[in-house]
Amino acid sequence: MAEAPIKAFVCGHPIKHSRSPLIHGYWLEKHGLQGSYEAVDIAPDDFPSFLRSLEELGYAGGNVTLPHKEAAFRHAEKLDGAAERIGAVNTLWLEGGHLCGSNTDAYGFAANLDQQLPGWDSARTAMVLGAGGAARAVVHALQERGFDEIRIVNRTQARARDLQMRFGGSTSSHGWDEIEKLLPSTDLLVNTTSLGMAGSALLDISLDGLPDHAIVSDIVYVPLKTRLLKDAEARNLRTAEGLGMLLHQAVAAFERWFEVKPEVTDELRQRIVHDLGGAK
Ligand code: ATR
């Protein structure tokens with residue numbers, strides 16, 4: 001008897017702008033798999049009952065996105081190391097009827113840089129702008145790669161301090177007014193705030209103080225090339241775009257449910273860029 005197709009989902013509220021169905025749909029087709037990956041809109045109040053019904057609905061697992069990542073963390077019965085450290089879950093799966101959770105955002109961040117700028121992790125000092133969930137994933141990735149110093153800079157310094165307490169060791173916390181002073185000793189700059197995203201305010205910092213060998217990376221991918229990345233290119237600094245993190249975090253999730261490790265190809269990237277409206 002043929003095996004039943006594997007079903008996966010992405011759930012959020014709202015969900016209609018998610019590119020995940022396009023990404024996973026591309027890989028399902030590419031690998032000739034019978035599975036499915038669908039977007040479901042679940043309001044926060046309905047999220048716990050949705051999780052309880054996964055088996056009944058025939059899902060092997062799925063992704064969770066805003067605003068459910070923290071709730072998924074609380075409801076998962078088993079967490080992997082990354083989810084524990086980050087305090088949020090973006091990938092769920094069932095194992096012997098138990099709900100398990102992981103966070104593939106840190107993997108996605110590092111794998112994107114591995115692909116775009118091999119050797120990037122020989123940098124020693126990083127500055128992370130922001131202190132939300134995305135910042136936690138990036139700080140975890142940087143700690144895993146053994147960065148000596150990770151400076152967390154946030155408008156609300158108390159939140160940066162919370163992250164410093166959480167991650168300890170190599171991290172320090174700073175206010176926005178310290179950016180200029182810290183730039184000359186920064187090898188890698190990562191924006192994890194929503195600044196620069198279409199519809200948000202611009203990230204207005206001068207990169208003049210960065211050393212010539214510095215790498216600049218943004219997790220914002222609409223537009224594809226943010227002002228931060230354009231400024232970095234104008235200074236001839238190496239850059240990594242945010243779309244890659246989205247594509248690579250999906251690799252680890254897809255592999256979890258469909259047991260095939262897919263590739264982030266140029267063709268996939270072009271499809272998503274096209275869907276984003278050709279954002280340059
Ligand atoms: P996520 O979980 O997606 O990272 P978040 O928790 O809402 O989202 O975090 C958004 C980040 O963008 C925060 O670091 C936020 O700074 P505050 O903690 O001070 O709010 C940052 N951010 C958003 N708008 C900003 C602005 N206008 N100036 C500076 N930082 C901003």
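Counting from 1, the numbers follow the sequence of the chain as shown. Both ligands and their constituent atoms are indexed starting at 1 by order of listing.
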the protein heavy atom lying closest to atom 14 (O) of ligand 1 turns out to be N154 OD1, 2.7 Å
Using protein heavy atoms only, decide if any is under 4.0 Å from atom 7 (O) of ligand 1.
no
Quick one, W27 with L268, criterion side-chain contact (heavy atoms from CB on, under 4.5 Å). Give me CA distance, side-chain angles, the key distance, then yes/no.
CA-CA 9 Å; W27 286 329; L268 170 61; 3.5 Å; yes
Would T156 count as a polar contact of ligand 1, with the cut-off being nitrogen or oxygen pairs under 3.5 Å?
yes
Closest approach of any protein heavy atom to atom 29 (C) of ligand 1, naming residue and atom
L195 CD1, 3.5 Å
Partners passing salt bridge (charged side-chain N to carboxylate O under 4.0 Å, His left out) against R155 (at least two apart in sequence or in another chain)
none
So if you build clusters from Ile, Leu, Val, Met, Phe, Trp, Tyr with side-chain heavy-atom gaps below 4.5 Å, do Y59 and V10 land together?
no
State whether R145 and D114 are salt-bridged, where the test is any N-O pair (Lys NZ or Arg NE/NH1/NH2 against Asp/Glu carboxylate O) under 4.0 Å.
yes
Under 4.0 Å between a Lys/Arg side-chain N and an Asp/Glu carboxylate O for D204 and R227?
yes
Under a heavy-atom criterion of less than 4.0 Å, does A201 contact ligand 1?
no
Nearest protein heavy atom under 4.0 Å from atom 10 (C) of ligand 1, yes or no:
no
Give the residue, atom name and distance (to 0.1 Å) of the protein heavy atom nearest atom 26 (C) of ligand 1.
R155 NH1, 3.2 Å
Honestly, for L66 the part within reach of ligand 1 (heavy atoms, under 4.0 Å) is neither
Any side-chain heavy-atom pair of E38 and K7 under 4.5 Å:
yes
Identify the protein heavy atom lying closest to atom 2 (O) of ligand 1, giving its residue, its atom name and the separation to 0.1 Å.
G133 N, 2.8 Å
Neighbour count above 12 (heavy atom, 6.0 Å) for E259 CD:
no
Looking at OG1 of T125 and CG of D148, how far apart are the two atoms once the value is rounded to the nearest 0.5 Å?
6.5 Å
Within-4.5 Å side-chain heavy-atom neighbours: R269 and L224
yes
Polar contacts were defined as any N/O atom of the residue lying under 3.5 Å from an N/O atom of the ligand; does this apply to A135 and ligand 1?
no
Side chains of V216 and D231 in contact at under 4.5 Å (non-hydrogen atoms)
no
One finds that the ligand 1 atoms under 4.0 Å from a non-hydrogen atom of G130 are 14 (O)
R159 and ligand 1 - part of the residue with a heavy-atom distance under 4.0 Å:
side chain
Specify the protein heavy atom at minimum distance from atom 23 (C) of ligand 1: its residue, its atom name, and the distance to 0.1 Å.
S194 OG, 3.6 Å
Using a 4.0 Å heavy-atom threshold (strictly under), name the region of T193 that reaches ligand 1: side chain, backbone, both or neither.
both
Return the residue, atom name and 0.1 Å-rounded distance of the protein heavy atom closest to atom 5 (P) of ligand 1.
G132 CA, 4.1 Å
